[in-house]
Amino acid sequence: WEAGTVSFGLTLVNIVCIWLAGTFAFWLKEVAPVSRKNAFWSRDIKTFRDQGDDHEADLEVINEGLKAAVELQDAAGGGIYKKDKDYELG
């Protein structure tokens, strides 16, 4: 019985530590950003926070952004599916 209690306690401590580490990483990323900030950190996070908590994600906008990112990556010659094309069947 005691082993189960200790195990459950350690599990809770682990979850809290992971959450704290993630929160700290996001805080650090905003406080000490890299010199080349991509659109996610410079524009998207700010826009999301300005909207407040009562807005839901617009999946159409997210899909358009993902498609644009893939197109830019393909145009730069580093497409995300480049490796898969090397192994096409038939």
Shared-cluster residues of Leu20, by chain and number - hydrophobic side chains joined below 4.5 Å: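 When side chains under 4.5 Å apart are linked, the cluster holding Leu20 also contains Val16, Trp19.
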4.5 Å side-chain heavy-atom contact, Val6 and Leu10: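 With C-beta onward as the side chain, the pair touches.
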Short side-chain to backbone donor-acceptor contact, Ser7 and Ala3, under 3.5 Å: no
